[in-house]
There are 2 protein chains.
Amino acid sequence: METVALPTRERILQAAGKLFYGEGIRAVSVDAVAEKAGVTKRTLYYHFRSKDELIAAYLETRDPPNLAWFRRQYAEAEGDVAARIEAVFRALASAAGHARWKGCGFLRTSVELFNMPGHPAMRAGRAHKTRLEDWLCGLFEDAGIDSAAARDLARQVVLLIDGSFAVVLLHRDPGYMESAGRAAGRLVRAALDEPRRATP
Amino acid sequence: METVALPTRERILQAAGKLFYGEGIRAVSVDAVAEKAGVTKRTLYYHFRSKDELIAAYLETRDPPNLAWFRRQYAEAEGDVAARIEAVFRALASAAGHARWKGCGFLRTSVELFNMPGHPAMRAGRAHKTRLEDWLCGLFEDAGIDSAAARDLARQVVLLIDGSFAVVLLHRDPGYMESAGRAAGRLVRAALDEPRRATP
DNA sequence: GAAAGTATACTGCCTAGTGAATATACACCA
DNA sequence: TGGTGTATATTCACTAGGCAGTATACTTTC
């Protein structure tokens, strides 16, 4: 399981990722990260200037695989855009059912640091969510929805996704994600139907 | 401004509320709350057994006024259920525009304590969100939507509300709440139209 | 021998929570 | 009226431990 050959920096980052995601930014001390990485604290501070820098690096590491997960769920689903979006929510619900699932690391970090809007981790969080929104927006435009409506719809789907993360983290009931999926499917279908009325 | 006559316990609770909401649970020390309340830490510990108890008490205090705020926005709006729900989101957007707005205290606290599901503050958070959902559900049932659909719809609106809280706290752009309001309005209207098809 | 990387041991500060003593208020009784 | 007991409410000074971050010295590798 433990790939011993990993360079120190990566090992620290991996340990930080597991602990920060599993227990929260503020709840995890630098000492704990160093210990989990099998490294002394001084070594950690050789590779990262501060805890804040480590937090930001952790989030930046997580951005590409997270987006790839969404893209994969969408690509592997079948049917039209609406059906595929619904499938993404179903995949989300399934993931949320696992014990190790602890919501969205970006969202949770942004809540822990909400009073520091300039914090690099906040920037990373915003960038990630924006990329997700832009990807959805592109999807909807490709399906023939006009630019402004596609943007609005992408935002609504993001709201449902992030709402799911927050609500399911609180209630621990993935059923909310099914509700969110139905809502998203309905909204996408409504948007798909609209241009047909407008251009007969 | 400062009502000096307030009993000590209430003064502590008020100070805790301002600080916890404004800066976050973990970021605020018991000392800070005591100082803001004009009381020694030992006095605070006379009235509250622990910081955790104080946090829970703070959330329980906020539950009734918060629900009342939603009810008021809904009652003061005009039009059918869908239009009133949209008005609530508009009110939310307006509130989120103010500098002191820091998202939803219940949601933020639940994120800070997400790994302690049995924490009294978590229970208070769940109870609050459930009450909000039940209120919405009742509204939809009164409008003639059947019980199961009303429940699903209430959950979807809650998801949009909480999604708004999370996303706007991150991006600091209340425009997302307008998007959420449009989505909610659309979903409510669709649900209102459905029984007419089913019972002609 | 120089640079990169790691280890030990430490500083200074902040944190939640406590021990022991004191002040106030009010009830009961002579 | 005055004294005494008891519960409530408050203070000052303290403990014990966790935290981020650092000074310094050692080791490895090229």
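All figures in this text were calculated on a predicted structure; none of them were measured in a lab. To find a chain, count down the sequence lines: A is the first, B the second, and so on, and within it residues start at 1. Side-chain atoms are counted along with the backbone in the values below, which use heavy atoms only and exclude waters and symmetry mates.
- Within a heavy-atom distance below 4.0 Å of DNA chain D, no residue of residues 110-121 of chain B is found.
- Remark: His47(B) is in phosphate contact with dT10(D), judged by side-chain N or O atoms under 4.0 Å from OP1 or OP2.
- Distance CD (Glu53(B)) to C1' (dG17(C)): 13 Å, rounded to an integer number of Å.
- Side chains of His128(B) and Ser110(B) form no contact here, defined as non-hydrogen atoms less than 4.5 Å apart.
- Put simply, CG on Leu54(B) is 15 Å from P on dT15(C), counting in whole angstrom units.
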Can you give each donor-acceptor pair under 3.5 Å made by side-chain atoms of residues 66-81 of chain A, sequence neighbours left out, with the distance rounded to 0.1 Å?
{"residue": "Asp80(A)", "atom": "OD1", "partner": "Ala82(A)", "partner atom": "N", "Å": "3.4"}
{"residue": "Asp80(A)", "atom": "OD1", "partner": "Ala83(A)", "partner atom": "N", "Å": "3.0"}

Per-nt protein contacts along nucleotides 14-30 of chain D (heavy atom under 4.0 Å; B base, S backbone sugar-phosphate only, - none) come out as -----SBBBBB------
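- In this pair, Phe20(A) and Tyr58(A) present their aromatic rings tilted. The plane angle is within the 30 to 60° band.
- Residue pairs meeting the salt bridge (charged side-chain N to carboxylate O under 4.0 Å, His left out) criterion with at least one member in residues 147-160 of chain A, sequence neighbours excluded, are Glu133(A)-Arg151(A), Glu133(A)-Arg155(A), Asp134(A)-Arg151(A), Asp152(A)-Arg182(B), Arg155(A)-Asp173(B).
- The CZ-P distance, from Phe48(B) to dA9(D), rounds to 12 Å in whole Å.
- In this structure, CG of Leu44(B) is placed 14 Å from P of dT15(C), rounded to the nearest angstrom.
- Side-chain atoms of Lys102(B) and Asn115(A), non-hydrogen and from C-beta on, do get closer than 4.5 Å to each other.
- Summary for the helix from dG1(C)-dC30(D) to dA30(C)-dT1(D): the axes at its two ends, each from 5 pairs, differ by 10° when rounded to the nearest 10 degrees.
- Tracing side-chain contacts under 4.5 Å through hydrophobic residues (I, L, V, M, F, W, Y), one never reaches Ile55(B) starting from Tyr46(B); they form parts of separate clusters.
- When the side-chain nitrogen and oxygen atoms of Tyr46(A) are compared with OP1 and OP2 of dT6(C), none of them lie within a distance under 4.0 Å.
- When the side-chain nitrogen and oxygen atoms of Thr8(A) are compared with OP1 and OP2 of dG5(C), none of them lie within a distance under 4.0 Å.
- Among residues two or more places apart in sequence or in another chain, the side-chain hydrogen bond (donor to acceptor under 3.5 Å, both in side chains) test is passed with Arg186(A) by Glu194(B).
- Taking the side chain as every heavy atom from C-beta outward, Leu13(B) and Phe48(B) approach each other to under 4.5 Å.
- Looking only at side-chain heavy atoms (C-beta outward), Val158(B) and Leu136(B) come within less than 4.5 Å of each other.
- Between Ile25(A) and Arg108(A), the closest side-chain pair of non-hydrogen atoms is not below 4.5 Å.
- Neither OP1 nor OP2 of dT10(D) sits under 4.0 Å from any side-chain N or O of Thr43(B).
- Annotation: cation-pi pair Arg172(B)/Phe114(A) absent, no NZ/CZ under 6.0 Å from the ring centroid and within 45° of its normal.
- Look at CD1 on Ile55(B): it is 14 Å from P on dT15(C), rounded to the nearest Å.
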